[in-house]
Amino acid sequence: MIESPLLTHLKGYIGGQWLGADSAETLAVSNPADGAHLADVPKMGRVETLRAIDAAAAALDQRASLEQRARWLQQIAKALRAQREEMGRILTMEHGKPLKEAQSEVDYAAGFFRFCAEHVDRLGPRTLEERPRNCSWDIHYRPAGVVGLITPWNFPIGMIAKKLSAALAADCACLIKPSAKTPLTMIALFSLLERELDLPAGKVNLVTGSAAPITDALFEHPAVRLISFTGSTEIGRELIRKSAEGIKRLTLELGGNAPYIVFDDANLEQAADNLIANKFRGGGQTCVCANRILVQGEVAESFAEQVAQRVRRMRVGNGLEEGTDLGPLIDDNAVAKVRRHVEDALSKGARRLAGGNAGAASGNYYPPTVLIDVPKDALCNREETFGPLVPIATFQDEAEAVRIANDTEYGLAAYVFSGDLERARRVAEQLHFGHVGLNTGTGPTPEAPFGGMKQSGYGREGGYEGLYEFTEAQTLPHPE
Ligand code: NAP
């Protein structure tokens, strides 16, 4: 069992109270590093969700000023920074990522609350003139209503921070459903919210349990106006269908298939270092991880060797141990997917430069692996691998790089490395991806809008664009 001062309640949080499931059923949470049982959390469903929506609807009536919202947001940012070590430890135990990375994720999360606190005044009303009639209108940014926030397991605090910060800035009341694989970090966050803030009861609610009945209740209830979801494209599609009946607004942050393009004039060392940092973040289980490594013909072999050298030095192990570079994958299915992608690529002619053989995985671990000469029809070029695989393929010229990079239904993140910035910018403009890094493999920040094009979803998180996601603009005549 996990012990933590932030986990004294292993429960959901509804209407300002810690509650179990009505049925008293629970779900087990385990540590992917060794399979150890960490905790049991309530297996809630429809009834508890409806209760939480009612609590949230009641809390919506208590409107908060912009100053009050800014204060809450700053308090959350401060509480997260103060508890980064403990939050990080809980996160590592349920997710598996190295401790330093988990603590950086807590800092990253705090950044979203800070950003929204500093810019919430943008949501104040603005006045505009209507020339022909010589009158004025006020535009008010109203809270969208009760909002459902559904998050995946790969960033247990980062993903909710993006949503909750903007939802509180807009003065919405929230129901949060974390992934059943990583609910503990969220429970820890709620302990902080309860301890450090004076939020009205029902303003934030936590419902742990089975995804389908919880989301179905969110879609059915008229008080819920918006559902913000981060997860797979497959489930995103299902939610779009479900949203039709009640015309619910959706924000969808879905899957990716990021191309990482390295031109022959790039600084190869810099490109290799950035690839390691990008690709192996969270064990390769992030939506912005490079999935297809495209290298210009002449330098492919030497670039691949530089990456392989770095990969051979990586230490794989329990994320809590000092010096671990790569933790376990989240579960057996994740390991099986990486294995399938590696075997498929090898069977189609790829060569392995680093990594164990496909059978070398033990437990939830998979050795970081580098393949070269990966053919275009390999599975890993079509699907998100979501694991520590670096599949390298070659291209001949700019046009071919752009064509291959865009040859995917996804459009989340892409990266371009070139010594010629003009060329890098020219290529970036032709890429259909919401985020494009130039000579860097870094991902989203609180200051910039982030989100997908094509089947990677719609809506934006972060930046001013993200601030408006949870609002409804209402136009009223300006008082005389
Ligand atoms: P997932 O299976 O789609 O799950 C995401 C969330 O949806 C979880 O809370 C999950 O609950 C819930 N869920 C599962 N089945 C559902 C259903 N039928 N109806 C409603 N909700 C349901 O995705 P995941 O495996 O957790 O996360 C990995 C995916 O997320 C990858 O594709 C990754 O690219 C994407 N992602 C995208 C972004 C972005 O910003 N675009 C960021 C991070 C991750 P349970 O876990 O309890 O089943």
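Note: hydrogens, waters and symmetry copies are ignored here, and every other heavy atom, side chains too, is used. Just so you know, ligand 1 is whichever comes first in the structure, and atom 1 is the first atom listed for that ligand. The structure presented is a predicted model; accordingly, all values stated were derived computationally and were not measured.
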Could you tell me whether Lys242 atom NZ has more than 12 heavy atoms of other residues or ligands within 6.0 Å of it? yes
Sequence neighbours left out, cut at 3.5 Å: what donor-acceptor pairs do the side chains of residues 109-119 make with other protein atoms?
unit_1, atom_1, unit_2, atom_2, d
Arg114, NH1, Glu118, OE1, 3.1
Arg114, NH2, Glu447, OE2, 2.9

For ligand 1, note which part of Met159 has a heavy atom under 4.0 Å away: side chain, backbone, both or neither. side chain
Give yes if a backbone or side-chain nitrogen or oxygen of Trp153 is under 3.5 Å from a nitrogen or oxygen of ligand 1, and no if not. yes
Based purely on interatomic distance, does Phe386 place a nitrogen or oxygen under 3.5 Å from a nitrogen or oxygen of ligand 1? no
Heavy-atom contacts under 4.0 Å between Ile214 and ligand 1: side chain, backbone, both, or neither? neither
Honestly, for Glu238 the part within reach of ligand 1 (heavy atoms, under 4.0 Å) is side chain
Are any of the N or O atoms of Ser456 closer than 3.5 Å to those of ligand 1? no
What pair of heavy atoms forms the shortest contact from Glu465 to Pro449, and how long is it? OE1-CG, 3.3 Å
Which residue owns the protein heavy atom closest to atom 41 (N) of ligand 1, what's the atom, and how far is it? Leu254 O, 2.8 Å
Does the protein place a non-hydrogen atom closer than 4.0 angstrom to atom 11 (O) of ligand 1? yes
Where do Val338 and Leu389 come nearest, in terms of heavy atoms and distance? CG1-CB, 4.3 Å
Nearest non-hydrogen protein atom, atom 9 (O) of ligand 1: Thr151 O, 2.7 Å
Evaluate whether atom CZ of Arg425 has more than 12 neighbouring non-hydrogen atoms of other residues, nucleotides or ligands under 6.0 angstrom away. no
Taking atom 14 (C) of ligand 1 as the reference point, the nearest protein heavy atom with its distance: Ala211 CB, 3.7 Å
Part of Ile150 with heavy atoms under 4.0 Å of ligand 1, whether side chain, backbone, both or neither: side chain
Below 3.5 Å, can you tabulate the donor-acceptor pairs from side chains in residues 152-164 to any protein atom, sequence neighbours excluded?
unit_1, atom_1, unit_2, atom_2, d
Asn154, ND2, Gln285, O, 3.1
Lys162, NZ, Tyr108, OH, 3.3
Lys163, NZ, Ser228, OG, 3.0
Lys163, NZ, Thr230, OG1, 2.7
Lys163, NZ, Glu461, OE2, 2.8

Which residue supplies the protein heavy atom nearest to atom 32 (O) of ligand 1, what is that atom called, and how far is it? Glu384 OE1, 2.8 Å
Backbone or side chain, does any N or O of Lys177 fall under 3.5 Å from an N or O of ligand 1? yes
Among all protein heavy atoms, pick out the one at the shortest distance from atom 19 (N) of ligand 1; state its residue, atom name and that distance to 0.1 Å. Thr215 OG1, 3.5 Å
What protein heavy atom sits nearest atom 36 (N) of ligand 1, and how far away is it? Cys287 CB, 3.6 Å
Please list the nearest protein heavy atom to atom 44 (C) of ligand 1 with its residue and the distance rounded to 0.1 Å. Asn154 ND2, 3.3 Å
